[in-house]
Colleague: 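Supplied in structure tokens, the structure appears directly below.
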Number of protein chains: 2
Amino acid sequence: MTTINDIAKLANVSRTTVSRVLNNNGYVSDEVRKRIMKIVEETGYIPSLSAKSLRTKKSGVIGVILPKISTETASRVVSGINEVVASENFQILLTDTELNKEKEIEYIRLLQSRHVDGIILLATNINDRLISTIEDAALPFISLGQDLPGVTSIVYDDYHASVDMTNMLIGQGHDKIAFIGVGEEDPSVGVERKKGYFDSLEKHQLLINDSWIQLGDFSIESGYECMKKIVKRNEDNLPTAVFVVTDRMAIGAMEYLREQGIRIPQDMAVAGIGASTLSQYVTPALTTIDYFNKEAGKKAAQLLLQQLKQKKEKEKFIQTYRLIKRDSV
Amino acid sequence: MTTINDIAKLANVSRTTVSRVLNNNGYVSDEVRKRIMKIVEETGYIPSLSAKSLRTKKSGVIGVILPKISTETASRVVSGINEVVASENFQILLTDTELNKEKEIEYIRLLQSRHVDGIILLATNINDRLISTIEDAALPFISLGQDLPGVTSIVYDDYHASVDMTNMLIGQGHDKIAFIGVGEEDPSVGVERKKGYFDSLEKHQLLINDSWIQLGDFSIESGYECMKKIVKRNEDNLPTAVFVVTDRMAIGAMEYLREQGIRIPQDMAVAGIGASTLSQYVTPALTTIDYFNKEAGKKAAQLLLQQLKQKKEKEKFIQTYRLIKRDSV
DNA sequence: AAATGATATGTAATCGATTACACACAGTTG
DNA sequence: CAACTGTGTGTAATCGATTACATATCATTT
């Protein structure tokens with residue numbers, strides 16, 4: 001490996017001068033600049049960013065912590081983040097917690113030790129150790145998906161999205177609306193979306209029937225199973241619509257309905273959340289809510305870059321959403 | 001930031017001893033070890049991996065270069081890679097070329113300057129500068145998707161997959177089979193898959209009709225447009241099947257057919273490649289080929305980790321595939 | 001009792017960059 | 001012409017770790 005010292009020797013200058021040329025920093029005569037650049041190119045010299053990072057305390061790397069790497073949401077968000085940070089010559093160091101809370105904390109510390117300049121966390125839960133780890137890290141930090149105390153956060157407006165969707169179903173004349181959700185460990189998907197559903201029903205003074213409510217685990221299969229349970233338990237009096245808190249589970253639910261010959265939307269309307277590609281191309285096309293994940297990723301990256309330039313107070317941003325009405329309703 | 005020196009002072013030892021404790025390296029008395037560990041925990045000391053990396057020439061980071069970050073294929077492959085490397089405590093540094101050849105080269109050099117321990121490239125093309133940049137980098141390197149000379153490569157068996165699919169269609173009694181492909185810049189998708197199609201037709205002495213062949217750009221929309229052109233140009237004599245080289249384009253094609261009231265598969269059979277989630281849940285479910293992308297990612301990571309341990313000769317691996325027959329045929 | 005080897009710790013060089021500071025030389029200014 | 005300012009370059013400390021080598025102690029072996 002050629003180092004800055006080698007270049008300096010070859011060009012008969014001190015390494016200070018080479019560094020000045022490379023960083024466009026301070027005075028260097030044209031003649032020397034050219035000489036050095038020529039040698040740099042000939043040798044194919046590549047500066048060591050570890051050394052640079054050690055000295056400057058900056059790495060040009062942004063840490064991203066994902067709950068699960070291979071989901072469409074994650075992929076869209078990362079794509080948005082990358083678009084923004086790459087344009088400022090940062091790279092992304094990717095970690096995947098596999099939905100494990102311990103790993104979330106572990107990775108924050110790891111990223112810190114790697115001297116990342118900032119961290120974006122796609123958060124799925126809130127707990128004290130997490131908060132204090134983030135505080136201790138004392139790094140520019142953005143939380144996406146959950147509002148973490150003391151941390152600049154971008155959140156999806158799960159509550160209102162859910163209310164809107166339920167209202168819309170009610171507006172279509174449905175008064176028996178089933179619900180497929182997830183567990184309450186996830187404040188956004190598990191709590192807020194369910195709350196929106198309940199509140200809307202209540203406001204319209206509609207019946208809430210426990211046998212219409214099932215919880216899944218985000219997978220397509222669990223959507224299928226939940227739908228099956230709902231249908232089995234209400235064979236004599238089926239609900240006329242089902243609101244599913246994620247598209248994937250909604251797809252599973254649709255599959256079961258199709259198998260059973262229950263027509264969508266005539267016999268049962270189906271609505272999801274997430275605006276996955278899938279939702280657009282299933283038949284019938286799924287009514288859903290678009291959270292603009294890629295935009296959220298971009299926003300997160302922009303906020304982070306701002307924080308890199310100057311420390312800011314915690315802020316909270318609410319990502320807009322859009323209800324996409326399609327044939328499943 | 002606490003450093004190893006701070007710990008050393010607090011523990012009344014030299015930093016050498018601290019380093020020994022932290023790396024479980026050489027002799028340290030139990031008493032001192034405990035004392036140091038206690039202080040490490042109290043202070044929340046986190047070693048600087050930049051410094052470590054500078055000294056040891058190892059970073060614990062694997063560079064991954066993707067052609068496009070937000071595709072299902074990429075996401076599956078990355079997920080496979082991550083699963084393997086994370087288990088050995090490596091992280092992934094992610095870069096996205098946006099299908100730009102220059103960036104491919106730029107990123108290899110960048111990753112090199114970041115002292116990544118190895119690189120996995122999801123390759124989409126082959127060119128001399130790329131090869132020589134890889135050579136110069138002198139890093140453990142794996143190419144996934146294209147067989148690069150001198151580089152251990154994992155390739156999908158595009159040719160035979162394509163032959164198999166075409167044979168299958170022919171076996172179903174189709175003799176007018178249209179084709180939607182991509183440009184030849186992409187040796188795997190653009191060249192090999194097309195070659196498989198042609199060879200199969202030829203072998204069965206079937207007509208090859210230029211107006212049945214269209215090239216798209218990987219997008220769903222382009223699949224739609226290609227299908228449209230094929231139908232328009234052959235209104236009096238429609239082909240009875242269409243083989244599309246990617247699932248996304250196949251989905252686009254299906255959409256156009258549906259709009260036109262052309263029934264799938266009765267009027268036209270459709271086949272894709274990729275086994276996207278989408279392919280499983282569209283109606284009718286799309287016949288496609290599964291390349292086991294996640295497995296390929298794992299394999300790539302395993303090969304890379306092996307190379308980290310000992311340098312190896314170039315090898316070439318052919319990833320298996322599986323034809324999934326569904327309702328669209 | 002001397003030699004040997006295992007255990008325990010420290011000294012100091014090193015990795016490859018950046019940067020504060022010093023110095024030299026020009027041209028300009030009052 | 002003395003003082004100042006703008007250019008151009010070098011010296012050496014520094015970032016935070018690892019590691020070859022040296023040294024010291026103690027128990028064991030011959």
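Below, read A as the first sequence line, B as the second, and so on, with proteins coming before strands; counting in each chain starts at 1.
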Colleague: Calculate the interatomic distance between B/Lys9 atom NZ and C/dT11 atom P; express it in whole Å.
Modeller: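 Result: 13 Å.
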Colleague: Nearest whole angstrom, please: distance from the P of D/dG16 to the NZ of A/Lys58.
Modeller: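 Rounding to the nearest Å, NZ of A/Lys58 and P of D/dG16 are 15 Å apart.
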Colleague: Could you verify whether a donor N or O on one side chain and an acceptor N or O on the other, from A/Arg20 and A/Asn25, lie under 3.5 Å apart?
Modeller: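 A/Asn25 and A/Arg20 do not have a side-chain donor-acceptor pair below 3.5 Å.
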Colleague: Quickly work out the B/Ile4 CD1 to C/dT14 P distance and round it to whole Å.
Modeller: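 So the CD1-P distance, B/Ile4 to C/dT14, works out to 19 Å.
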Colleague: State whether the side chain of B/Asn23 and the backbone N or O of B/Ser19 hold a donor-acceptor pair below 3.5 Å, judged by distance alone.
Modeller: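 Yes, the answer is positive, given that a donor and an acceptor are paired below the 3.5 Å cut-off.
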Colleague: Salt bridge or not for A/Arg76 and A/Glu72, using N-O below 4.0 Å?
Modeller: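 Judged by the 4.0 Å cut-off on N to carboxylate O distance, A/Arg76 and A/Glu72 do form a salt bridge.
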Colleague: Between the side chains of B/Lys316 and B/Asp147, is the shortest nitrogen-to-carboxylate-oxygen separation below 4.0 Å, so that they form an ion pair?
Modeller: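 Answer for the salt bridge query: yes.
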Colleague: Considering only side-chain heavy atoms of A/Ser48, which listed nucleotide, D/dG10, C/dT9, C/dG16, is closest?
Modeller: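 Looking only at heavy atoms from C-beta outward on A/Ser48, the closest nucleotide is C/dG16.
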Colleague: Just compare D/dA17, D/dG16, D/dG8 and give me whichever is closest to any side-chain atom of A/Tyr27.
Modeller: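 Closest nucleotide to the A/Tyr27 side chain: D/dG8.
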Colleague: Looking only at heavy atoms, which two atoms of A/Ile62 and A/Val85 are closest? And how far apart?
Modeller: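 Taking every non-hydrogen atom into account, CG1-CG1, 4.1 Å.
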Colleague: Give the B/S/- string for nucleotides 19-29 of chain C, one per nucleotide from 5' to 3', where a protein heavy atom under 4.0 Å of the base yields B, of only the sugar-phosphate yields S, and otherwise -.
Modeller: B-B--------
Colleague: Which part of the nucleic acid does A/Asp6 contact within heavy-atom distance under 4.0 Å: base, sugar-phosphate only, or nothing?
Modeller: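 A/Asp6: no heavy atom of the nucleic acid under 4.0 Å.
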Colleague: Can A/Glu185 and A/Lys101 be counted as an ion pair, charged N to O under 4.0 angstrom?
Modeller: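 A/Lys101 and A/Glu185: not salt-bridged.
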Colleague: Between A/Leu49 (CG) and C/dC15 (P), how many Å, whole number?
Modeller: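 Spelled out: CG on A/Leu49 to P on C/dC15 is 18 Å.
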Colleague: Rounded to whole angstrom units, what separation is found between the CD1 atom of B/Ile36 and the C1' atom of C/dT9?
Modeller: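 My rounded result for the distance is 10 Å.
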Colleague: For B/Glu98, is there an ion pair with B/Lys68 - N to carboxylate O distance below 4.0 angstrom?
Modeller: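 No.
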Colleague: Closest approach to the side chain of A/Ser14, judged atom by atom: which nucleotide of D/dT11, C/dC15, C/dA17 is it?
Modeller: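 The listed nucleotide nearest to A/Ser14's side chain is D/dT11.
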Colleague: Both B/Val28 and A/Leu22 contact DNA chain C. Which one's nearest nucleotide lies toward the 5' end?
Modeller: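 Here B/Val28 is the residue nearer the 5' end.
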Colleague: Ignoring backbone atoms, establish whether A/Ser29 has a side-chain N or O less than 4.0 Å from OP1 or OP2 of D/dT7.
Modeller: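 For D/dT7, OP1/OP2 do not have a side-chain N/O of A/Ser29 under 4.0 Å.
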Colleague: Roughly how many Å is it from CG in A/Asn5 to P in D/dA12, rounded to a whole number?
Modeller: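 It works out to 14 Å between those atoms.
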Colleague: Just the rounded figure in Å: distance from P of C/dA8 to CD of B/Glu31.
Modeller: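 Roughly 11 Å, once rounded to whole Å.
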Colleague: Grab the CG-C1' distance between B/Leu54 and D/dT14 for me, whole Å please.
Modeller: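 Rounded to the whole Å, the gap is 12 Å.
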Colleague: Between A/Ser53 and C/dA17, is there a contact of a side-chain N or O with OP1 or OP2 at under 4.0 Å?
Modeller: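 Checking A/Ser53 against C/dA17: no side-chain N or O falls below 4.0 Å of OP1 or OP2.
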Colleague: Check the phosphate of C/dG16 against B/Lys57, side-chain N and O only, distance under 4.0 Å to OP1 or OP2. Yes or no?
Modeller: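 Affirmative; the distance criterion is met.
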